[in-house]
Amino acid sequence: MSKGVVSKDEDYSQWYNDLVIKADMAEYSPVKGCMIIKPYGYSIWEKMQAVLDGMFKETGHVNAYFPMMIPKSFFSKEASHVEGFAKECAVVTHYRLKTDENGQVVVDETAKLEEELILRPTSETIIWNTYRGWIQSYRDLPILVNQWANVVRWEMRTRLFLRTTEFLWQEGHTAHATADEAIAETEQMLGVYADFAENWMALPVVKGKKTANERFAGALDTYCIEALMQDGKALQAGTSHFLGQNFAKAFDVKFTNKENKLDYVWATSWGVSTRLIGALIMAHSDDAGLVLPPKLAPIQVVVVPIYKHEEELENISGFVKELTRDLKAKNISVKFDKRDTHRPGAKFAEYELKGVPLRVAIGSRDMQNGTVELARRDTKTKETVNQEGLAMHIEGLLEEIQNNIYQKAFSFRAENTTEVDSYDEFKRLLDEQPGFISAHWDGTSETEQQIKDETKATIRCIPLDNKKEEGKCILTGKPSTQRVLFARAY
RNA sequence: CGGGAUGUAGCGUAGCCCGGUAUCGCGCCACAUUUGGGAUGUGGAGGCCGCAGGUUCGAAUCCUGCCAUCCCGACCA
């Protein structure tokens, strides 16, 4: 176990917190509920951004930027939307400070805003208010815009990366001429998220639809990807909403269609946030620290020289220089840690904590033998390999590690997903072997709510590829036609 | 917003019951020896004891008020 990190079996949430802090991902800030994302954590976000941004562009989207502050009145235009966010909005009321007679900085009460501004909890309102001016004809459609931004949601309780008052995300907001086209867009972006989660984060996800209870405020349908964490709790990793014509009606966004008739525009919105970093940590890491998938690791390979004299280091450096060149040619990021202030053992522990997928250790012994020692972070195994062809070997290993991490998470999810047909069994499983539970449900909000009240488990989603079969609701015994996915969630 | 707890060096803590200007570990700095799994020795720096009052000759310690943070609930990407 790594120093200063509690075992994940002993206290999962403490383990998570310890990892975030000790691995130098983030720290607490003086502002309640807000964290400081440190360079190492932020570089993972940058990698995620780069990949996702590429995927968005690939599917025809462009980036834009809208104001962080939204007039309060905008929120009253879509009833269910304001209801969903009203309780967690930060409000700007003044625009000036002054120094009072005691030399204290205070709010200048004379500088009160006529209309308060809301720090965006999400941008549907200001964007749809803007789209009104952009759209007159079907020829103006579709609009496929994405925004990288920060948002503020004043949550009661926060957790590093998983839920903070301010967080970073991207939000796509698209406008379409038909419902079908908007639904296709919603589903397409869900696919993009699933692709990203599985192929880059090595995180298997279930694609599905939310029930009415869990739906986004203002949406007709909310699609999501759900992942299972190592403690058996579910985490919503991304959402894609079909908003129907709700926001178009609220903000009066009409267009003339091909038949020369006036109609409201169809909308979607979709987003993922820095929460993905939390998912990444919780899904793969162990007691020694982070385990990062090579495709998103800020440092993919670290080289630790072991030497007693300056000449030895020079000798090793010559080799490392060549290795670095070969790896860079393959787009593999390398760090050569030749700091003289830390001993090799300390470096080994540090890079394990930070989840660097591959470590190359090389000393005089290796230089004589023409070998290096290669250590994998995911399996914690070490092997001695020839220097010749090392870059190619590393390239293959990184791929293997990426696959192995995914497989491991996939098996874990398979082992912790259970079909259940009775409420007693359902409750027993939640306590004894938490995970996804696939069960029949009568389709009513009341039943879902009662199950939530009694067990804290919610319907994570109705999987898109779920089992369609006759059955009885585990709570009410009423007929059901399909299984849905339950879990306790973050 | 309800219930519980805690604030002492960068971090983690002892001291508080029973008042006398603060303990230990990690970390930090210097030097030396070390370097294939978190080095060792010697020396050193670092504190408005959360804040404000009160009691007292004297307060980290006792009393009052405030502030902040954390944990558990309801809310949530």
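Nucleic acid contact for A:Ser273: base, since at least one base atom lies under 4.0 Å from a heavy atom of the residue. Across all strands, A:Thr164 comes closer than 4.0 Å to base atoms (heavy-atom distances). Across all strands shown, A:Lys456 has heavy atoms under 4.0 Å from sugar-phosphate atoms exclusively, and none from any base. Across all strands, A:Leu235 comes closer than 4.0 Å to no nucleic acid atom at all (heavy-atom distances). Residue contacts shown for A:Glu155 include a base, since a base heavy atom lies under 4.0 Å away. Within the 4.0 angstrom heavy-atom criterion, no nucleotide atom of any strand lies near A:Phe216.
For A:Phe75, there are no ring pair (Phe, Tyr, Trp, His ring centres under 6.0 Å) partners, not counting sequence neighbours. Under the salt bridge (charged side-chain N to carboxylate O under 4.0 Å, His left out) criterion, A:Asp221 pairs with A:Lys209, not counting sequence neighbours. For A:Glu400, the salt bridge (charged side-chain N to carboxylate O under 4.0 Å, His left out) partners two or more places apart in sequence, or in a different chain, are A:Arg376. Under the ring pair (Phe, Tyr, Trp, His ring centres under 6.0 Å) criterion, A:Phe167 pairs with A:Trp169, not counting sequence neighbours. With sequence neighbours left out, the ring pair (Phe, Tyr, Trp, His ring centres under 6.0 Å) criterion links A:Phe56 to A:Trp270.
Residues of residues 291-316 of chain A having a heavy atom closer than 4.0 Å to RNA chain B, listed by number: A:Ile306, A:Tyr307, A:Lys308. RNA chain B lies under 4.0 Å from no heavy atom of any residue of residues 201-210 of chain A. Applying a 4.0 Å cut-off to non-hydrogen atoms, the residues of residues 343-372 of chain A that approach RNA chain B are A:Arg343, A:Pro344, A:Gly345, A:Ala346, A:Phe348, A:Ala349, A:Glu350, A:Glu352, A:Arg359, A:Ala361, A:Gly363, A:Ser364, A:Arg365, A:Asp366, listed by residue number.
The shortest side-chain heavy-atom distance between A:Glu171 and A:Ser269 does not fall under the 4.5 Å cut-off. Residues A:Glu198 and A:Val205 meet the side-chain proximity criterion, which asks for heavy atoms closer than 4.5 Å.
Rounded to the nearest Å, the gap between the P atom of B:rC63 and that of B:rC17 is 9 Å.
For residues 357-367 of chain A, the set of pairs meeting the side-chain hydrogen bond (donor to acceptor under 3.5 Å, both in side chains) definition, not counting sequence neighbours, comprises A:Glu312-A:Ser364, A:Glu352-A:Arg359, A:Asp366-A:Thr371.
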Report all interatomic pairs (protein N or O, nucleotide N or O of nucleotides 1-6 of chain B) with separations under 3.5 Å.
none

Based on Watson-Crick and G-U pairs with both distances under 3.5 Å, what dot-bracket line describes RNA chain B 5' to 3', crossing pairs as [ ] and inter-strand pairs as |? (((((((..(((.......[...))).((((((.....)))))).....(((((..]....))))))))))))....

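Taking the centre and axis of the six-membered ring of A:Tyr40, the NZ or CZ atom of A:Lys354 falls inside the cone set by 45° and 6.0 Å.
Residues A:His81 and A:Phe247 place their aromatic rings such that the two centres sit under 6.0 Å apart.
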Please set out all donor-acceptor pairs under 3.5 angstrom arising from side-chain atoms of residues 63-72 of chain A, sequence neighbours excluded.
unit_1	atom_1	unit_2	atom_2	d
A:Asn63	OD1	A:Asn146	ND2	2.9
A:Asn63	ND2	A:Asp53	OD1	2.9
A:Tyr65	OH	A:Arg120	NH2	2.7
A:Lys72	NZ	A:Glu116	OE1	3.3

